[in-house]
Amino acid sequence: MIWMALSVGRPATRALLYPICVYYLACSRQASQAIRPYLIRALGRPISWRDLYRQYHRFAATLLDSVYLLAGQGSRFDIDIQGLDLLTDRVARGRGCLLLGSHLGSFDIVRTIGLTQQDVEIKVLMYEQHMPIIRDLFRDLNPAFADSVIQTGSPNAMLQVKECLDRGGMVGILADRLVKEDQTTSCTFFGKLARFPAGTMWLASILHVPVILFFGIYRGDNRYEVHFELFAEEITIDRRHRDQEVQQWTQRYADRLEYHCRLAADNWFNFYDFWEEHQ
Amino acid sequence: MGASWLDPHRRNRSVSDVSPLEAEVAKLIVRTLTLKVDPAQIQPEEPLFGDGLGLDSIDALELSLAISQSYGHQIRSDDPDIVATFASLRSLCRSIEKHRTK
């Protein structure tokens with residue numbers, strides 16, 4: 001598929017996404033069941049198979065576009081960037097920043113912007129064991145991208161984060177998905193409690209750096225919108241009230257995530273039972 | 001952050017051969033991370049992460065900052081011995097002894 005994407009071109013490869021998405025729509029009942037409650041909440045109306053199909057197609061299209069982005073073909077995309085000055089101001093002052101993202105939209109479009117900024121070191125904190133095949137493919141496409149990943153799980157992962165920030169770099173974290181050893185905190189998301197990782201806000205408070213949210217929304221065809229917004233100049237959490245304050249900060253994140261989900265409902269790429277309603 | 005320090009069996013083990021520095025660093029660990037465990041009960045050879053004391057990588061960062069402040073030893077992520085350093089209280093203290101500036 002990657003070979004085809006790069007040699008046959010984007011339009012022809014995109015044509016393949018239609019049968020692939022129909023196949024998933026027909027065969028992947030579990031993912032469809034999982035995404036249904038999200039769509040009903042985000043769209044505020046009953047949903048049809050078209051809504052489900054659209055979700056698959058948006059996801060497949062951004063995944064395909066990641067191939068082009070990693071292959072250094074970012075210029076083929078029309079990217080509308082809002083709030084970039086939030087980053088450039090801090091970079092100019094040599095201030096490291098934490099960038100908090102989510103599985104709403106494309107992460108790689110934002111990484112591309114980050115990596116094309118001159119002289120800015122950008123790292124991504126990730127639990128890569130999720131998708132070793134995709135990791136290996138992407139490593140072949142762009143070793144620099146792969147080297148920018150800090151693997152969670154090892155004792156020195158957060159030391160690497162701190163050192164990157166101390167050098168004035170940026171570290172991206174996707175703060176909406178749990179990995180198995182995560183501590184969690186419950187936040188209201190579309191009116192219902194869902195678990196979010198608790199470590200993100202606690203980490204941010206230890207690092208004393210500005211926290212900026214980002215969303216890389218795919219708008220169809222070759223158009224992307226990237227939003228950066230300031231979340232906090234510094235997150236301060238009193239250890240004595242740690243659980244409560246972590247929850248409050250994470251709730252603020254969940255609120256902003258919900259806000260952006262409403263603006264781009266079809267960009268939600270958490271294809272699992274997010275509210276854990278069926279366990 | 002696991003909860004293995006809640007294991008009641010741990011508390012019954014005898015504490016032996018703990019050096020003064022190890023006792024001091026055990027206190028630093030408990031104080032820094034506000035663990036609900038008696039520092040004297042931390043076994044020097046017990047793993048700090050995972051199945052032992054149950055620390056995680058954010059704890060490792062906080063601990064590194066505290067060690068840097070107290071002993072002037074800056075633990076760096078590219079240190080080839082980093083996994084060994086964080087293996088246990090004893091190995092952590094060996095590293096502090098070797099590199100401390102205060």
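Below, chain A is the first sequence line, B the second, and so on; all start at residue 1.
- If you measure heavy-atom distances from B:T34 to chain A, the contacts under 4.5 Å come from both the backbone and the side chain.
- When B:L61, B:I82, B:D78, B:V83 are compared by the number of non-hydrogen pairs under 4.5 Å with chain A, B:L61 comes out ahead.
- A:L159 pairs in a side chain to side chain contact (heavy atoms under 4.5 Å, CB included) with only one of the listed residues (B:L65, B:L63, B:I75), which is B:I75.
- Here the OG-CD distance, from B:S57 to A:Q151, works out to 11.5 Å after rounding to the nearest 0.5 Å.
- At a 4.5 Å heavy-atom cutoff, B:L48 makes no contact with chain A through either its backbone or its side chain.
- When heavy atoms are compared at a cutoff of 4.5 Å, A:E163 approaches chain B solely by way of its side chain, counted from C-beta outward.
- Rounding to the nearest 0.5 angstrom, the gap separating the CD1 atom in B:I58 from the CG atom in A:L207 is 8.5 Å.
- To the nearest 0.5 Å, atoms OG (A:S154) and CG (B:D56) are separated by 11.5 Å.
- Annotation: the span from B:S77 atom OG to A:M158 atom CE amounts to 12.5 Å, rounded to 0.5 Å.
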Can you list the steps and then say if B:D79 with A:N156 is a side chain to side chain contact (heavy atoms under 4.5 Å, CB included)? CA-CA 10 Å; B:D79 178 351; A:N156 69 348; over 6 Å; no
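- No more than 12 heavy atoms of other residues, nucleotides or ligands sit less than 6.0 Å from atom CD of A:Q30.
- A distance-only check finds no donor-acceptor pair linking the side chain of B:E62 to the backbone of A:I206 [under 3.5 Å].
- Side-chain atoms of A:R239 come within 3.5 Å of backbone atoms of B:T32 as a donor-acceptor pair (strictly under, hydrogens ignored).
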